Number of protein chains: 2
Amino acid sequence: MIVPYYAAMTAPSSPRRPGPGRPREFDTDLALDRAIAVFSERGYQGAAISDLTRALGLTAGSLYKAFTDKRGLFLAAFDRYVALRTDRLRAVLEGAPTGRAKIKAVLDFYAGSSYGADGRRGCLVVAGAVDLATADPEIAARVTGVLHLNEGRLADLVAEGQADGTIAPHLDPMVTARLLLCVLQGMRVVGKTGRDRAEMAPLADNALRLLD
Amino acid sequence: MIVPYYAAMTAPSSPRRPGPGRPREFDTDLALDRAIAVFSERGYQGAAISDLTRALGLTAGSLYKAFTDKRGLFLAAFDRYVALRTDRLRAVLEGAPTGRAKIKAVLDFYAGSSYGADGRRGCLVVAGAVDLATADPEIAARVTGVLHLNEGRLADLVAEGQADGTIAPHLDPMVTARLLLCVLQGMRVVGKTGRDRAEMAPLADNALRLLD
DNA sequence: CATAATAGGGAACGATCATTTCCGAATCAA
DNA sequence: TTGATTCGGAAATGATCGTTCCCTATTATG
């Protein structure tokens, strides 16, 4: 019932040199895609090992041999989730010519992830922030890092738009980027409550007003 | 399944007529305030009964006698959280004369809750959305109800601003309200990653650009 | 004073949790 | 072939979870 988020567009994350020993029978990336789905919709603590073994099609022994423990599986799933989303976002950005168009593409991308089944599944970064921000310093640092990274990228896009004349020059790129980040993360939260495309799609165009 | 979220304002939520039997020794509202803190920062599944008994200063027996079970405690804490926030927000709104000023007050209110210790503690509605949107239909309905309610209130404020001439008349109140809701919820998510006042406060003023 | 009813508290319960252990199977290097 | 090494899988482990039970304490009612 769980479908892989996106067909693997990234290079196989584990080069996996075939040393001695029995080779792994399952696809690590496919397993992580399933883990992403489980963790996203149930949260970290809400996802039991039994849920994960069922979804991944692995026994507990194999799972622990491959990912050390539940936390290691979450970390691996988190990193893959971020990498996949970053790739998809990068692909979407390539078609946009100006800074403003790129920001619109980002907004469209998030709006498109925030309704229907994907919206309900939710964002693993948000789940990590809510579940583990106070409980697990390392995961908290990872979440913080991703958000700061995205904030910086948005600031770069704002500056790019100001340079090419498509974004008002008097805006503070940092503040504008942070505000856009809130819009994006907020879409993911609201999208968990079951919205449809007609509700979320118009938000992207409307948010562009922030660039005038 | 619509529940009176803000039925009791600041008045004691439990009228508690003293029937027969030993009277309760602890303050229910104070206990719920502690529960709000625990659930907010650890999430629903992350908050163990032992965490709650320690924070509330109650034994498990008393806790279950008063709130039925963990879910009942969460529901009571959730309702109180929403009621308290609604009251605080209402108080803040009273000082604002125009629709635009009221929306600015709302934005300031959320920005003020999204940094420092309060920001790290996080929002119980967001926590409920992330942890239980797919697991518990009744709680999911309650979360959805709160967000829709707030969305509707924001739409009313936009319309009010359009009527008094402080908000551009060509805007769609519904879409604008939904976008503002995303900004507010996004602040709460970003605020979980440890921001300070200097980062969050300017967002409120900047978001007002959405009303031009 | 006697009875009913509720609260406080702590020990105990079964269930489930994350994790480990054990063993047969599969692969590589010699 | 022979070790060394890793994997898959199922059963077992100890810990912790949410919850209940039982007993005492405290109040209202009659």
Side-chain angles (χ1 to χ4, degrees), chain A residues 12 14-32 34-35 38-39 42-78 127-128 131-132 135-136 138-139, chain B residues 12-32 34-35 38-39 41-78 127-128 131-132 135-136 138-139:
Chain A
S14 352
R16 165 150 293 287
R17 59 174 169 77
R22 180 173 170 177
R24 192 160 287 164
E25 291 181 4
F26 66 92
D27 182 338
T28 303
D29 288 336
L30 183 58
L32 286 180
R34 308 254 171 87
V38 174
F39 280 126
R42 307 173 91 102
Y44 179 76
Q45 337 255 7
I49 296 291
S50 59
D51 296 325
L52 292 162
T53 56
R54 195 180 322 116
L56 308 208
L58 297 178
T59 60
S62 302
L63 192 152
Y64 274 81
K65 211 152 295 186
F67 302 105
T68 308
D69 58 9
K70 182 182 177 181
R71 202 169 156 277
L73 176 58
F74 180 85
L75 255 38
F78 183 90
D131 264 27
L132 302 162
D136 191 312
E138 183 183 336
I139 295 181
Chain B
S13 15
S14 352
R16 160 154 292 286
R17 57 171 168 77
R22 179 173 172 177
R24 192 160 287 165
E25 291 182 6
F26 64 92
D27 183 338
T28 303
D29 288 336
L30 183 58
L32 286 179
R34 308 254 171 87
V38 175
F39 280 127
E41 62 189 26
R42 307 172 90 103
Y44 179 77
Q45 336 256 6
I49 296 291
S50 58
D51 297 325
L52 292 164
T53 56
R54 195 180 322 116
L56 306 207
L58 297 179
T59 60
S62 302
L63 192 151
Y64 274 80
K65 210 153 293 184
F67 303 105
T68 308
D69 57 11
K70 182 182 177 182
R71 217 179 80 99
L73 176 58
F74 180 84
L75 254 38
F78 184 90
D131 264 27
L132 301 163
D136 191 311
E138 184 183 337
I139 295 181

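Chain A is the first sequence line, chain B the second, and so forth, proteins listed ahead of strands; every chain is numbered from 1. What you see is a predicted model; the values in this text were computed from it and never measured.
Rounded to whole Å, atom C1' of C:dG10 lies 16 Å from atom CZ of B:Arg54. A straight line from CD of B:Glu25 to P of D:dT26 spans 8 Å, rounded to a whole angstrom. Rounded to whole Å, the distance from CZ on B:Phe67 to C1' on C:dA7 is 13 Å. Following rounding to the nearest Å, A:Leu58 (CG) and C:dT19 (P) show an atom-to-atom distance of 16 Å. Across the protein-nucleic acid pair, A:Arg24 atom CZ and C:dA26 atom C1' stand 14 Å apart, rounded to whole Å. The nearest whole Å value for the distance from the CG atom in A:Leu63 to the C1' atom in D:dC7 is 13 Å. In this structure, B:Leu56 atom CG and D:dG18 atom P are separated by 13 Å, rounded to whole Å. Between A:Tyr44 atom OH and C:dC17 atom P there is a gap of 14 Å when expressed in whole angstrom units.
When distances are taken from the side chain of A:Lys70 to each of D:dG18, D:dG9, C:dA18, the shortest belongs to C:dA18. Out of D:dT19, D:dG9, D:dA25, the shortest distance to the side chain of B:Ala60 is found at D:dT19. Candidate nucleotides C:dA18, C:dG10, D:dC7 were compared by shortest atom distance to the side chain of B:Thr59, and C:dG10 ranks first. For A:Tyr64, whose side chain is taken as the heavy atoms from C-beta onward, the closest listed nucleotide among D:dT19, C:dT20, C:dT6 is C:dT20. Among the nucleotides C:dA5, C:dG8, D:dT19, the one closest to the side chain of B:Ile49 is D:dT19.
At distances below 3.5 Å, not a single donor-acceptor pair connects side-chain atoms of A:Asp131 with backbone N or O atoms of A:Gly43.
Taking 4.5 Å as the limit, every side-chain heavy atom of A:Leu75 sits out of range of all side-chain heavy atoms of A:Phe67. By the 4.5 Å heavy-atom criterion applied to side chains, B:Arg54 and B:Val38 are not counted as neighbours.
At the phosphate of C:dA7, neither OP1 nor OP2 sits under 4.0 Å from any side-chain N or O atom of B:Lys65. The side chain of B:Arg22 places no N or O atom within less than 4.0 Å of a non-bridging phosphate oxygen (OP1 or OP2) of D:dA25.
A cation-pi arrangement is absent between B:Lys70 and B:Phe39 under the rule of less than 6.0 angstrom and at most 45 degrees off the ring axis.
When each of B:Gly57 and A:Gln45 is assigned the nucleotide of DNA chain C with its nearest heavy atom, B:Gly57 is the one assigned upstream, toward the 5' end.
The CG atom of B:Leu73 sits 6.5 Å away from the CG atom of B:Leu32 when rounded to the nearest 0.5 Å.
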